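First the structure, in the form of structure tokens, and then the observations on it.
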Protein chains: 2
Amino acid sequence: MNKKELNPYVSVDCVIFGFDLEQLYVLLIDSGSMEGYKQSRMAVPGDLIYDTENLDTAARRVLKELTGIENIYLEQIGAFGDPDRIGKKASDRKWLESIRAMPEARVITVAYYSLVRMPNFNPKASSFAKSAGWAPVSEVHDLAFDHYEILQSGLEQLKRKIKIQPIGFNLLPEKFTLSQLHKLYECIYDKALDKRNFRRKILNLNILTNLDEKQIGVPHKPSQLFKFNEENYKKLSEEGFDNFGF
Amino acid sequence: MNKKELNPYVSVDCVIFGFDLEQLYVLLIDSGSMEGYKQSRMAVPGDLIYDTENLDTAARRVLKELTGIENIYLEQIGAFGDPDRIGKKASDRKWLESIRAMPEARVITVAYYSLVRMPNFNPKASSFAKSAGWAPVSEVHDLAFDHYEILQSGLEQLKRKIKIQPIGFNLLPEKFTLSQLHKLYECIYDKALDKRNFRRKILNLNILTNLDEKQIGVPHKPSQLFKFNEENYKKLSEEGFDNFGF
DNA sequence: GAGCAATGTGTCTTCACAACACTACCAAAT
DNA sequence: ATTTGGTAGTGTTGTGAAGACACATTGCTC
């Protein structure tokens with residue numbers, strides 16, 4: 001407890017949220033399949049940071065490498081640095097021994113979360129993942145290392161943030177219906193919200209533009225399509241608004 | 001931009017807030033007086049992390065060494081890792097050259113903020129500070145490295161958090177008056193708050209116990225003394241309350 | 001053309017918040 | 001003993017946001 005540590009590894013990990021108009025998803029990678037340990041080897045994508053890279057840049061690089069997307073919503077969750085964070089689980093230790101020269105080396109990670117439009121891309125298997133795929137957040141119960149904890153922190157921060165800024169638009173297609181937006185908020189808060197109250201509140205913000213277009217091909221009354229109005233949003237956030245929490 | 005970095009230094013930095021019933025203060029150290037650069041050599045206390053120490057522990061260690069206090073309110077702000085963060089200012093570079101073997105080495109820091117009862121202690125000069133003292137937050141305009149940015153982030157987070165949890169009690173003496181609490185909120189939000197509305201709201205939370213004691217020796221009508229009621233607070237936060245923002 | 005499935009709409013009540021001014025009390029000075 | 005200065009302490013009213021709540025509309029499918 002007394003020796004100075006000069007040189008931990010530092011990584012970034014990205015909790016990537018997606019939404020398919022039904023459920024909230026998180027992008028997970030299979031960081032190498034260990035027989036018998038498959039369940040807990042799913043992880044959130046991440047990588048060690050480079051030499052001259054700042055932390056946000058590293059996170060964007062990871063996102064780009066894995067999904068091909070740039071310019072997406074990104075926010076830091078915080079640093080996770082328990083000295084034992086990557087070696088607590090037997091499955092993790094085995095895996096580390098199998099791929100690293102110094103499996104016991106300490107790694108401090110800086111976690112981010114980001115919001116992406118799911119249909120916009122297919123996760124590619126990349127240098128640091130054999131495979132990647134979307135998992136419904138509600139069905140994720142265990143992850144490698146401390147990634148479950150990181151996921152939960154990210155989710156909490158998303159909930160907090162979405163009350164203050166309408167960042168949910170990053171999860172929806174460019175054109176969307178109020179029902180879809182409504183559903184998104186219900187998924188994030190994990191509770192039912194009154195339809196009429198929701199519509200009134202969100203419309204009163206004046207950050208939506210009605211496109212005067214309707215859904216086509218749906219087996220029911222088609223809905224109006226809206227898009228997010230950045231101009232009005234900017235005005236609004238300059239004036240300062242808090243709380244359109246439900 | 002392509003070489004992997006294996007080994008940055010990792011430090012913790014602590015934004016320590018105090019309140020003297022008049023103003024909000026922050027504890028700064030003089031990290032070594034460079035002639036001619038005195039103004040911008042004030043910094044927030046911090047240290048490199050130890051080998052087997054997790055991040056929170058490191059932050060608590062720094063706080064203890066500097067102030068002698070344990071068990072104080074502590075919360076992570078986030079990680080700051082611009083590769084150039086400690087070498088942007090000429091004054092910083094000079095200072096680094098004067099005390100470090102590898103002045104150009106990268107240091108990533110994890111910032112914390114904490115709330116302490118100012119009169120409870122005198123900051124001691126410690127291993128990492130020639131001198132330490134309280135500075136009114138409103139008068140701090142420039143600090144070493146990126147510490148001004150860190151301070152501002154901490155302040156923002158404090159503002160956000162105090163709307164949701166009554167953590168302000170950590171800044172007040174055990175027995176305090178409503179006016180003092182009122183003043184504290186005004187200082188943190190940096191704006192006037194209506195006295196009657198404030199009292200009503202805070203009392204409705206039922207987290208204060210009236211001690212049936214009065215101030216003595218004050219040259220005006222003495223005020224009732226209150227203390228914070230932890231029991232009721234716990235109940236309240238379990239039930240879940242947000243927002244006693246003003 | 002009947003049925004299905006989701007859209008879209010209005011009112012009332014309740015609650016929280018903002019604005020606002022005066023009296024009560026203690027100590028110190030005269 | 002009286003005055004003065006300074007802070008403590010208290011209630012009401014108006015306004016606007018939020019929650020609860022039910023039914024008619026539309027387009028597609030069969």
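Numbers restart at 1 for each chain; the letters A, B, ... are given by sequence-line order, proteins then strands. The model shown is predicted, which means the values in this text are computed figures rather than measured ones.
The base of C:dA18 does not come close enough to the side chain of B:Arg196 for any donor and acceptor atom to sit less than 3.5 Å apart. At a cut-off of 3.5 angstrom, counting only N and O atoms as typed in the model, there is a donor on one side and an acceptor on the other between the side-chain of A:Arg200 and the base of D:dG19. Under 3.5 Å, the side chain of B:Lys221 and the base of D:dT7 form no donor-acceptor pair of N or O atoms.
A:Phe198 has its CZ atom 19 Å from the C1' atom of D:dC21, to the nearest Å. Between the CD1 atom of B:Ile216 and the C1' atom of C:dC25 there is a distance of 16 Å, rounded to whole Å. Computed from coordinates, the B:Gln215 CD to D:dT7 P distance equals 11 Å when rounded to whole Å. As rounded to whole Å, 13 Å separates atom P of C:dC17 from atom CG of B:Asp194. We find that NZ of B:Lys191 is positioned 9 Å from P of C:dA19, with the value rounded to whole Å. Atom pair A:Lys183:NZ and C:dA6:P shows a separation of 10 Å (rounding to whole Å applied). Distance CD1 (B:Ile202) to C1' (D:dT10): 17 Å, rounded to an integer number of Å. At whole-Å resolution of the value, CG in A:Leu225 and P in D:dG27 are 14 Å apart.
Among the atoms of the strands shown, base atoms are found under 4.0 Å from some heavy atom of A:Pro219.
At the phosphate of C:dC17, OP1 or OP2 sits under 4.0 Å from a side-chain N or O atom of B:Lys201. Of the side-chain N and O atoms in B:Ser179, none sit less than 4.0 angstrom from OP1 or OP2 of D:dT7. Under 4.0 angstrom from either OP1 or OP2 of D:dG9 there lies at least one side-chain N or O belonging to B:Arg199.
Between B:Tyr189 and B:Lys163 there is a side-chain heavy-atom pair separated by less than 4.5 Å. A heavy-atom distance below 4.5 Å is not found between the side chains of B:Ile207 and B:Glu230.
Side-chain atoms of A:Lys195 lie closest to C:dT9 of the nucleotides D:dT26, C:dA18, C:dT9. Closest to the side chain of A:Asn197, out of C:dA18, C:dT7, D:dA20, is D:dA20. Side-chain atoms of A:Ser223 lie closest to C:dG8 of the nucleotides C:dG8, C:dT9, D:dG9. Distances from the side chain of B:Gln224 to the nucleotides D:dG27, D:dG9, D:dT7 place D:dG9 closest.
The aromatic rings of B:Phe198 and B:His182 sit tilted, their planes meeting at an angle between 30° and 60°. Aromatic ring pairs are classed by plane angle as parallel below 30°, tilted from 30° to 60° and perpendicular above 60°; the pair A:Phe228 and A:Phe169 is parallel.
Relative to the six-membered ring of A:Phe19, A:Arg117 misses at least one condition, a distance below 6.0 Å or an angle of at most 45° to the axis.
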